[in-house]
There are 2 protein chains.
Amino acid sequence: MTHPLFHPDAEEISLPAVLTALGDETRLSIIAILARNGERAMTCGEFLQLGSKTALSYHVAKLREAGVINVRPDGTKRLLTLRRIDLETRFPGFLASIIISAGTVRLPENPIMADAAEAPGETEWT
Amino acid sequence: MTHPLFHPDAEEISLPAVLTALGDETRLSIIAILARNGERAMTCGEFLQLGSKTALSYHVAKLREAGVINVRPDGTKRLLTLRRIDLETRFPGFLASIIISAGTVRLPENPIMADAAEAPGETEWT
DNA sequence: TCCTTTGTTCAATGATCCTTGAACTATTGA
DNA sequence: TCAATAGTTCAAGGATCATTGAACAAAGGA
């Protein structure tokens, strides 16, 4: 990483890099959970079910560097959001298909998540 | 690999495995080229622009084991085809979005391919 | 000011990945 | 039978990956 919190510009997001970033169960789960939280930003701490603090930091950085998520400092926390628009512009339909298909992926046993996991088949985009 | 030419059943195709398989420039190129060849099967030899014989054998095995392509012996050759229907059933819309987006990916300087690369934006599915 | 919360950085470890070249197998055609 | 074709297998190499624990940094609240 060249600079703390580096984010690639939208045009620089590379398909192989995004695929590699998502080709990991932990990172795919992060994306699935983020997606099901709508536009609400989430903190790294909300993903501790998926791994240790250190491991999460590593995976979140991978997703950020690949251009999949945006990370913005907020006090002592970091707020994570999906780069939905950038991804849709660059790779139309891709993120939607991933999110629908990641439905069968291991999700934390969390009541809020459990609700989201059973959400209707329709997913809103943009 | 348990057996020569092992192919996972459609239901066993895993999203992280497919994403990992496609998260490599060479393999993504193989898929893009296969896709642009319609239903016509292609041999490994037709991809030698992308790497050595040994490297191709390695990458083709990865794609096959992930469930992305089907490989069928035919004389001394192997015929490769995309598992379009299985992928579409398992991950709706995914392959289509990949193929559209892989358009900007490095393609061989081959007249036949050059034609395909400029094909109209419409892609037929099933 | 001190402590807590939140997350990062570092070095180490083992695993997996991709590429090579050399040797090999299997099928086909002469 | 012999040779050519098409692809695989193997071992070795270096590179990258994912996980760990310990140490660190930055912001906020008491």
Side-chain angles (χ1 to χ4, degrees), chain A residues 1-7 14-31 33-34 40-66 68-81 105-106, chain B residues 1-7 14-31 33-34 40-66 68-81 105-106:
Chain A
M1 90 212 59
T2 33
H3 189 60
L5 297 199
F6 162 82
H7 293 79
S14 122
L15 185 54
V18 168
L19 291 168
T20 298
L22 296 181
D24 173 277
E25 299 240 19
T26 300
R27 296 193 291 260
L28 195 51
S29 295
I30 291 174
I31 295 313
I33 295 172
L34 267 179
R40 184 172 84 76
M42 298 181 71
T43 66
C44 298
E46 295 184 76
F47 296 96
L48 284 174
Q49 326 125 350
L50 301 176
S52 69
K53 217 164 51 158
T54 309
L56 261 296
S57 187
Y58 170 78
H59 289 301
V60 164
K62 286 275 176 191
L63 289 168
R64 173 175 51 76
E65 287 161 16
V68 180
I69 65 176
N70 192 282
V71 182
R72 143 177 117 261
D74 176 59
T76 81
K77 307 187 178 183
R78 299 284 166 103
L79 296 181
L80 315 186
T81 50
V105 151
R106 148 183 75 112
Chain B
M1 81 215 66
T2 30
H3 190 59
L5 296 201
F6 161 82
H7 293 80
S14 121
L15 183 56
V18 168
L19 292 168
T20 298
L22 297 179
D24 173 276
E25 300 240 17
T26 300
R27 296 194 291 260
L28 195 51
S29 295
I30 291 175
I31 295 313
I33 295 171
L34 267 180
R40 183 172 85 78
M42 300 181 69
T43 66
C44 298
E46 295 184 76
F47 296 96
L48 283 174
Q49 327 125 350
L50 300 177
S52 69
K53 216 165 51 156
T54 309
L56 261 297
S57 187
Y58 170 78
H59 289 301
V60 164
K62 286 274 177 190
L63 289 168
R64 173 176 50 77
E65 288 162 14
V68 180
I69 65 177
N70 192 282
V71 182
R72 142 176 117 259
D74 176 59
T76 82
K77 307 187 180 184
R78 301 283 166 104
L79 296 181
L80 315 185
T81 49
V105 153
R106 148 183 72 110

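Each chain gets a letter, A, B and so on, in the order the sequences are listed, and its residues count up from 1. Because only heavy atoms are used, hydrogens play no part in the values below, and waters and symmetry mates are left out as well, while side chains stay in.
- In terms of phosphate contacts, Ser57(A) brings a side-chain nitrogen or oxygen within less than 4.0 Å of OP1 or OP2 of dT8(C).
- Rounded to a whole Å, the CG atom of Leu56(B) is 14 Å from the P atom of dG21(C).
- Which of dG21(D), dC17(D), dG7(C) sits closest to the side chain of Lys62(A) comes down to dC17(D).
- An angle of 10°, rounded to 10°, separates the two end axes of the helix from dT19(C)-dA12(D) to dA30(C)-dT1(D), each defined over five pairs.
- Rounded to an integer number of Å, the gap from CZ of Phe47(A) to C1' of dT19(D) is 19 Å.
- Spacing between atom CD1 of Ile30(B) and atom P of dG7(D) amounts to 12 Å, rounded to whole angstrom units.
- Remark: the backbone N or O of Leu79(A) is not paired with any side-chain donor or acceptor of Thr43(A) at under 3.5 angstrom.
- When the C1' atom of dA26(D) is taken as reference, atom CZ of Arg72(A) falls 18 Å away, rounded to whole Å.
- In this structure, Asp24(B) contributes its side chain and Arg27(B) its backbone to a donor-acceptor pair below 3.5 Å.
- One can place CG of Leu22(A) at 14 Å from P of dC17(D), the figure rounded to the nearest angstrom.
- Checking Leu79(A) against His59(B), the closest nucleotide of DNA chain C that is more toward the 5' end is the one next to Leu79(A).
- When each of Asp74(A) and Gly51(A) is assigned the nucleotide of DNA chain D with its nearest heavy atom, Gly51(A) is the one assigned upstream, toward the 5' end.
- dA15(C) atom P lies 19 Å from atom CD of Glu25(A), rounded to whole Å.
- Out of dA18(D), dG7(D), dG21(C), the shortest distance to the side chain of Tyr58(A) is found at dA18(D).
- Ion pairing between Glu46(A) and Arg40(A) holds under the 4.0 Å rule for side-chain N and carboxylate O.
- Rounded to whole Å, atom P of dT6(C) lies 14 Å from atom CE of Met42(A).
- Residue Ala21(A) comes nearest to Val68(A) through the heavy atom pair CB-CG2, 4.5 Å, listed as atom of the first residue, atom of the second, then distance.
- Nucleic acid contact for Lys77(A): sugar-phosphate only, since backbone atoms but no base atoms lie under 4.0 Å from a heavy atom of the residue.
- The backbone N or O of Cys44(A) lies less than 3.5 Å from no partner atom in the side chain of Arg78(A), so there is not a single donor-acceptor pair.
- Between Lys53(A) and Thr20(A), the residue anchored closer to the 5' end of DNA chain D is Thr20(A), taking for each the nucleotide with the nearest heavy atom.
- In this entry the distance linking CG of Leu48(B) with P of dT20(C) reads 13 Å, nearest Å.
- When the side-chain nitrogen and oxygen atoms of Arg78(B) are compared with OP1 and OP2 of dA26(C), none of them lie within a distance under 4.0 Å.
- Using modelled atom types, one side-chain atom of His7(A) and one backbone atom of Leu5(A) make a donor-acceptor pair closer than 3.5 Å.
- Comparing dC17(D), dC18(C), dT5(C) by their closest approach to the side chain of Thr76(A) singles out dT5(C).
- Not a single donor-acceptor pair under 3.5 Å links the side chain of Ser57(A) to the backbone N or O of Lys53(A).
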